[in-house]
2 protein chains.
Amino acid sequence: MDLRQLRYFTAVARERNFTRAAERLHIAQPPLSRQIQLLEEELGVSLIHRKSRPIKLTDAGRLFYEQALQVLGRIDQMKDATRRVGLHRNKVLSIGFVASTLYGGLPLLIRKLRQNAPELDIQLLEMLSIQQIAALKEGRIDLGFGRLKHSDPNIHSTVMREERLVAALAQDTELARDIAPLPLAALSGQKLIVYPKEPRPSYADQILTLLQDEDVRPSEVLEVREIQTALGLVAADSGISIIPASARQMRSDVLYRLIDGPRAFSPVILNHRAGDSSRYLVLVKQLIRDMYAENPPWLEANNIHPLPAEGGSPGAAEN
Amino acid sequence: MDLRQLRYFTAVARERNFTRAAERLHIAQPPLSRQIQLLEEELGVSLIHRKSRPIKLTDAGRLFYEQALQVLGRIDQMKDATRRVGLHRNKVLSIGFVASTLYGGLPLLIRKLRQNAPELDIQLLEMLSIQQIAALKEGRIDLGFGRLKHSDPNIHSTVMREERLVAALAQDTELARDIAPLPLAALSGQKLIVYPKEPRPSYADQILTLLQDEDVRPSEVLEVREIQTALGLVAADSGISIIPASARQMRSDVLYRLIDGPRAFSPVILNHRAGDSSRYLVLVKQLIRDMYAENPPWLEANNIHPLPAEGGSPGAAEN
DNA sequence: TTACTATCATACCCTCAGGGTATAGTGAGC
DNA sequence: GCTCACTATACCCTGAGGGTATGATAGTAA
């Protein structure tokens, strides 16, 4: 497949007419017909009902059309952004993050960052905690928000906060009767759903280690690839999952109970290359301190405990 | 530009070596070098530092690399989805929506829909209310969630609920002292920010008409293109904006006060082609009734008033 | 039904973009 | 400064993509 084919197809779909589309594309009509045929052949699917005038798109064609428009738009944006950066009009900051931080302070941080550094092209890449370590070393990202501690000397880490863990429970089950915090021990003998399945080690191991350390044994452990699947299975009454408190927003058709216990927390960790002294890194750290200082509603709502040492003194509680 | 060039560039970026990338692509090294040069020439930007071994990406190159990966992935997904639909394994339902419904019931509806019809490819397209009318007629979407009433006989509409309006106020301003509901009249003499600027008529006109009907005259009206901009300006103390209650989630650094008055509501309207009797349309309507029947927390939290006639009897309160 | 028009598909030719081979140029390490 | 590993340059050749001519057919009006 070829971008040319996408452009040709979108022109035909827009005009609902091969001849006019060809004119608009500044080519003759036969080659246009042929390119569309080749495209349909490659996909193994007919995109256009030709046995009617004006022509109509098939269901597949309509889907393909909308997606093609989006891809083409995306490519234009990509070219523009690359040019801006290449011509030194803009700088790039690539930020890796685990999905759950989307439900915490990350969106606000990004907004603040855009306000404070409008010349910055911010690139957000969803990736797991260990993938962030590799991506930092390769220079694919400049900053990572993860949930896993690591021991790589080239990567500098800051625990930003410890977030309460909650159990996600199916409605109308025994444990869902009460809403008081749940002792970890209550999970003994229950079916547990953990995520992500790979790559390891991951948040799943953090949860499994916690249970093991507290000598809590689930009757069964099911590993799934992502939190959405885990919550889906919970909703289908296939077990219990343990998630960071802020991720409760992801689904409202399951019940959540805070988990009790001094270790029932998951950290949010800021990772960056040791020795990186970019002004944007400094800015991000400052903005994070500002955010905690403002003590926004989501902090309390999500039962998040900022670390005592944080919030005021720069550099405190790091590494 | 060409997809081939994107594939070539990602291979080089991955391998950090032209020769090995060429092998992996099953072409000779010189043509690969040339394609990358052409790409850089078209962009007018250097993507690769060649004066080091192994080669390194420039800032622009890193940005371009990540974006290119995403675009290529997107294209694969697009091909797969189109094939599935074309081979009748899946059906497509295209849903147009105004941005603010993302903060209401739409995400939950989509989840329910996926559960109830896993064979369905759901395509979400953000568009304004009037754009939805045109898109429905052209068959670009099958379903629209908008906020504007219309009078097109080919489009069937159902008011799903009336949502409270709230005023977005800059922190530390006079009106932000109190948190009690704000009478519309309090907006007299204030700077007002409305959106979207175009295409008209839009939600902006709905608000302006409301104020006019109630004889409330702002000192100044500023039109901006989208709600994010409006809230950004509010945060910068450039005026007051009026938004649907559920959109409060978009920004936490401004203050919101409910607006008082019998007409201070904005409807959420379901649009579809008159005569469309697809089973998925029926399913969506059923799921919406289920959702309201469950009376989820966001309904109350957003001060939404379901219409009395809705929720139980199918077909009631329609059109 | 027929004739007409608008429009898409087919057949066939030609050109140049992209790939190949040979080789020159160059950064990095000993 | 020599060598190795690697990239750029020079030049040739082939086929994908575009052009022209024409056939095939849906829609339409009489």
Side-chain angles (χ1 to χ4, degrees), chain A residues 1-58 60-62 64-65 68 72 75 79 86 138-139, chain B residues 1-58 60-62 64-65 68 72 75 79 86 138-139:
Chain A
M1 193 156 65
D2 193 338
L3 283 189
R4 189 191 307 112
Q5 293 176 323
L6 292 190
R7 296 201 183 92
Y8 286 7
F9 177 72
T10 56
V12 172
R14 229 190 328 269
E15 300 285 336
R16 282 157 167 51
N17 179 312
F18 278 73
T19 311
R20 278 196 298 281
E23 280 167 17
R24 188 165 285 238
L25 292 167
H26 305 294
I27 63 170
Q29 168 264 316
L32 175 57
S33 289
R34 194 149 58 91
Q35 288 303 321
I36 303 294
Q37 286 166 14
L38 286 173
L39 178 60
E40 290 179 319
E41 203 172 304
E42 179 182 349
L43 293 171
V45 156
S46 148
L47 299 173
I48 297 178
H49 282 300
R50 293 167 167 84
K51 306 222 145 183
S52 81
R53 302 239 169 99
I55 55 173
K56 290 179 73 172
L57 297 186
T58 62
R62 281 168 43 196
F64 194 80
Y65 175 53
L72 291 173
I75 285 179
K79 283 159 108 172
E138 289 170 20
Chain B
M1 193 156 65
D2 193 337
L3 283 189
R4 188 190 307 110
Q5 291 175 325
L6 292 190
R7 296 205 181 90
Y8 286 6
F9 177 71
T10 56
V12 172
R14 228 191 328 269
E15 299 286 335
R16 282 158 166 50
N17 179 310
F18 279 73
T19 312
R20 278 196 297 282
E23 281 168 16
R24 187 164 286 240
L25 293 167
H26 305 295
I27 61 170
Q29 168 263 316
L32 176 58
S33 288
R34 193 150 57 93
Q35 288 302 321
I36 303 295
Q37 285 166 14
L38 286 173
L39 178 61
E40 289 180 318
E41 203 172 302
E42 179 182 348
L43 292 171
V45 157
S46 147
L47 300 173
I48 297 177
H49 283 300
R50 293 168 167 83
K51 308 220 143 186
S52 81
R53 302 249 168 93
I55 55 174
K56 291 179 73 170
L57 297 186
T58 62
R62 280 170 42 199
F64 194 79
Y65 174 53
L72 292 173
I75 285 179
K79 284 159 107 171
E138 289 170 20

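Here the structure is a predicted model, which is why all the values come from computation and not from measurement. Proteins get letters first, then strands, A, B, ... in listed order; numbering begins at 1 in each.
One interatomic measurement links the two molecules: NE2 of A:H49 to P of C:dA9, which rounds to 14 Å at whole-angstrom precision. Protein atom CE of B:M1 is 17 Å distant from nucleotide atom C1' of C:dA17, rounded to whole Å. Remark: C1' of C:dC8 and CD1 of A:I48 are 11 Å apart, rounded to the nearest angstrom. Atom CD of B:Q37 is separated from atom C1' of D:dA10 by 13 Å (rounded to the nearest Å). Remark: C1' of D:dG18 and CG of A:L38 are 13 Å apart, rounded to the nearest angstrom. Atom CD in A:E15 sits roughly 11 Å away from atom P in C:dC8 (whole-Å rounding). In this entry the distance linking CZ of A:F18 with P of C:dT10 reads 11 Å, nearest Å. Regarding B:L25, its CG atom lies at a distance of 13 Å from the C1' atom of C:dG19, rounded to whole Å.
At least one side-chain nitrogen or oxygen of B:Q35 sits closer than 4.0 Å to the OP1 or OP2 atom of C:dG19. For the OP1/OP2 pair of C:dA9 and a distance below 4.0 Å, the side-chain nitrogens and oxygens of A:S33 include at least one atom meeting the criterion. Taking only side-chain nitrogens and oxygens, B:N17 comes nearer than 4.0 Å to OP1 or OP2 of D:dT7.
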Can you give one letter per nucleotide of nucleotides 20-29 of chain C, 5' to 3': B if a protein heavy atom sits under 4.0 Å from the base, S if only from the sugar-phosphate, - if neither?
BBB---BBS-

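Remark: B:K56 NZ is loosely packed, at most 12 non-hydrogen atoms of other residues, nucleotides or ligands lying under 6.0 Å away.
B:T19 comes within contact range of at least one nucleobase, with a heavy-atom separation under 4.0 Å. Within 4.0 Å (heavy atoms only), B:R16 reaches no atom of the nucleic acid at all.
Scored by the side chain to side chain donor-acceptor pair (under 3.5 Å) test, A:R34 finds no partners at all (sequence neighbours excluded).
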Does A:R4 form a side chain to side chain contact (heavy atoms under 4.5 Å, CB included) with A:I27? I'd like the steps, not just the answer.
CA-CA 12 Å; A:R4 189 191 307 112; A:I27 63 170; over 6 Å; no

Quick one, A:V12 with A:I55, criterion side chain to side chain contact (heavy atoms under 4.5 Å, CB included). Give me CA distance, side-chain angles, the key distance, then yes/no.
CA-CA 9 Å; A:V12 172; A:I55 55 173; 3.8 Å; yes

Test A:F9 against A:I48 for side chain to side chain contact (heavy atoms under 4.5 Å, CB included), laying out the working first.
CA-CA 10 Å; A:F9 177 72; A:I48 297 178; 4.0 Å; yes

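One N or O on the side chain of A:E40 and one on the backbone of A:L47 form a donor-acceptor pair closer than 3.5 Å.
Side chain of A:R4, nearest nucleotide from D:dT7, D:dC6, D:dG17: D:dG17.
Screening residues 6-19 of chain A for side-chain hydrogen bond (donor to acceptor under 3.5 Å, both in side chains) gives A:E15-A:R24 as the qualifying pairs, with residues at least two apart or on separate chains.
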